[in-house]
Amino acid sequence: MYIILVYDVDEKRVSKMLKLCRRYLNWIQNSVFEGEITEVKLKELVHHASRIMDTECDSLIIFRTRQEKWLEKMVIGKEKNEISNMI
Amino acid sequence: MKKSYYLFNPGRMSRKDNTLKFTPVDEEGNEGVPKYIPVESVNNLFCFGSMDANSSLFNFLGKQQILVHFFDYYEHYTGSFFPKDYLLSGKVLIAQAEHYLQPEKRMSLATRFVEAAAFNMLKNLRYYDNRGKETGIQIEKIESYLNQIPFAETVDSLMGIEGNIRMSYYEAFDIIINEFEMGNRTMQPPSNEVNALISFVNMLCYTLCLDMIYHTQLNPTISFLHEPGERRFSLALDIAEVFKPVLVDRLIFSLLNKRQLSDADFDKNLQYCLLKESGKKTVIEAWEAKLNETIKHRSLKRSVSYKHLVKLECYKLVKHIMGVEEYKPFKAWW
């Protein structure tokens with residue numbers, strides 16, 4: 001499964017959220033991540049995230065797609081982080 | 001699906017916030033923009049460039065069961081960081097050793113490896129024979145060598161037959177490959193483009209097999225066809241034997257015949273031939289794509305990737321060793 005994850009959390013919790021997401025997904029823009037993930041890993045991620053968040057005012061949105069090839073991605077302007085497994 | 005990461009640029013890999021952080025460093029020692037690698041998606045790391053790291057990183061990688069493979073400047077395999085075995089099984093280990101120690105049991109496994117390898121090679125040759133490349137002579141030669149296998153009494157004589165098969169097989173490379181000439185197989189150092197490619201992709205194949213063995217209960221140092229304790233983890237060499245024609249050779253044919261690689265991708269100074277960085281990247285991309293390709297598995301009745309096929313091979317070997325099911329090596333059926 002390929003997902004895009006965006007979050008909007010209070011400034012106090014933003015860095016925790018960032019650090020958590022970095023473990024599972026590729027950072028592409030402020031508070032936006034994408035990457036290949038398994039069902040179980042996603043559950044794990046959501047579980048950890050919900051413990052950081054204050055569900056009264058924070059939000060986390062996940063867009064999922066079966067495979068990366070079903071996702072058309074357009075970048076306008078500077079691409080902040082190119083995803084590649086060759087570094 | 002976990003991915004392999006290939007590190008070409010020099011830099012520092014470190015543990016940061018329970019994930020991996022890579023900081024590239026240029027020639028003057030200036031640090032570039034750090035890149036975070038999601039640790040949960042890492043299967044293994046291949047280090048081609050120079051990497052700085054400290055023990056806390058390796059402790060972390062060990063905990064995450066991530067293997068790191070190192071290669072020197074000439075892209076020769078130099079070794080692996082092999083985390084503590086997490087799938088330990090004394091039973092399998094003892095049975096594996098027993099299969100090595102008893103000559104008949106060892107021969108029966110070794111024979112299967114050679115037969116499957118030859119079968120897969122013949123598949124490749126026949127494929128090209130049907131497409132107008134005259135490989136009939138080599139096919140006949142290999143078939144006659146195959147008939148000698150039942151008469152081989154020792155593993156050494158079996159290895160001899162295997163060598164002969166491979167030599168006839170490599171003879172066909174010049175017929176199959178359009179633009180480049182291979183001539184004789186030379187390894188240290190490779191003398192031309194085709195040899196350089198074979199060495200590089202073979203090495204990727206060995207490390208793949210090693211990776212898969214790590215994720216099973218098998219011990220990578222006890223092998224059957226190759227003599228254990230020689231060179232590297234020799235069980236990986238045994239398993240690679242079966243897959244080399246399917247994964248490595250087909251990839252090389254298509255890379256060269258579709259002109260994905262050209263003269264400009266090779267460095268031919270100093271009388272030998274090496275892949276340039278651009279070439280390496282093309283090869284690795286194609287290799288990754290190949291591994292993720294799926295085929296319909298006949299007995300499992302579902303699609304499996306080539307990568308997973310190698311792991312299934314390890315499972316079959318475990319079953320054979322434990323006496324659950326006879327080992328039937330992978331033979332390309334299409």
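Values below: all heavy atoms of this structure, side chains included; hydrogens, waters and symmetry mates excluded.
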Value for CG (B:D17) from OG (A:S15), rounded to nearest 0.5 Å, stands at 8.5 Å
Those residues of residues 42-54 of chain B that come under 4.5 Å of chain A on a heavy-atom basis, listed by number, are none
Looking only at B:L20, B:T19, B:L7, the option with the highest number of non-hydrogen pairs under 4.5 Å against chain A is B:T19
Note: A:R23 and B:N18 closest approach over all heavy atoms is CG-O, 3.2 Å
Against chain B, residues from residues 50-63 of chain A with at least one heavy atom under 4.5 Å, in numeric order, are none
Side-chain polar contacts of residues 35-49 of chain A - donor-acceptor pairs under 3.5 angstrom, sequence neighbours left out - could you list them?
residue: A:E36; atom: OE2; partner: A:M1; partner atom: N; Å: 3.1
residue: A:T38; atom: OG1; partner: A:K41; partner atom: N; Å: 3.3
residue: A:E39; atom: OE2; partner: A:R64; partner atom: NH2; Å: 3.4
residue: A:K41; atom: NZ; partner: B:E40; partner atom: OE1; Å: 2.8
residue: A:E44; atom: OE2; partner: A:Y24; partner atom: OH; Å: 2.6

Residues 65-77 of chain A vs chain B, non-hydrogen distance cutoff under 4.5 Å, contacting residues -> none
The interface call for B:K21 against chain A, heavy-atom contacts under 4.5 Å, is neither
CZ of A:R22 to NZ of B:K35, rounded to nearest 0.5 Å, is 12.5 Å
Practice prompt. May I ask you to test the B:F8-A:I87 pair for a side-chain heavy-atom distance under 4.5 Å?
Written response: no
When the 4.5 angstrom heavy-atom criterion is applied to B:I284 and chain A, the contacting part is both
Under 4.5 Å to a heavy atom of chain A? For B:E288 that would be side chain
Max heavy-atom pairs within cutoff under 4.5 Å with chain B, candidates A:L25, A:L18, A:I83, goes to A:L25
A quick test of your reading: do over 12 heavy atoms of other residues, nucleotides or ligands sit less than 6.0 Å from NZ of B:K3? yes
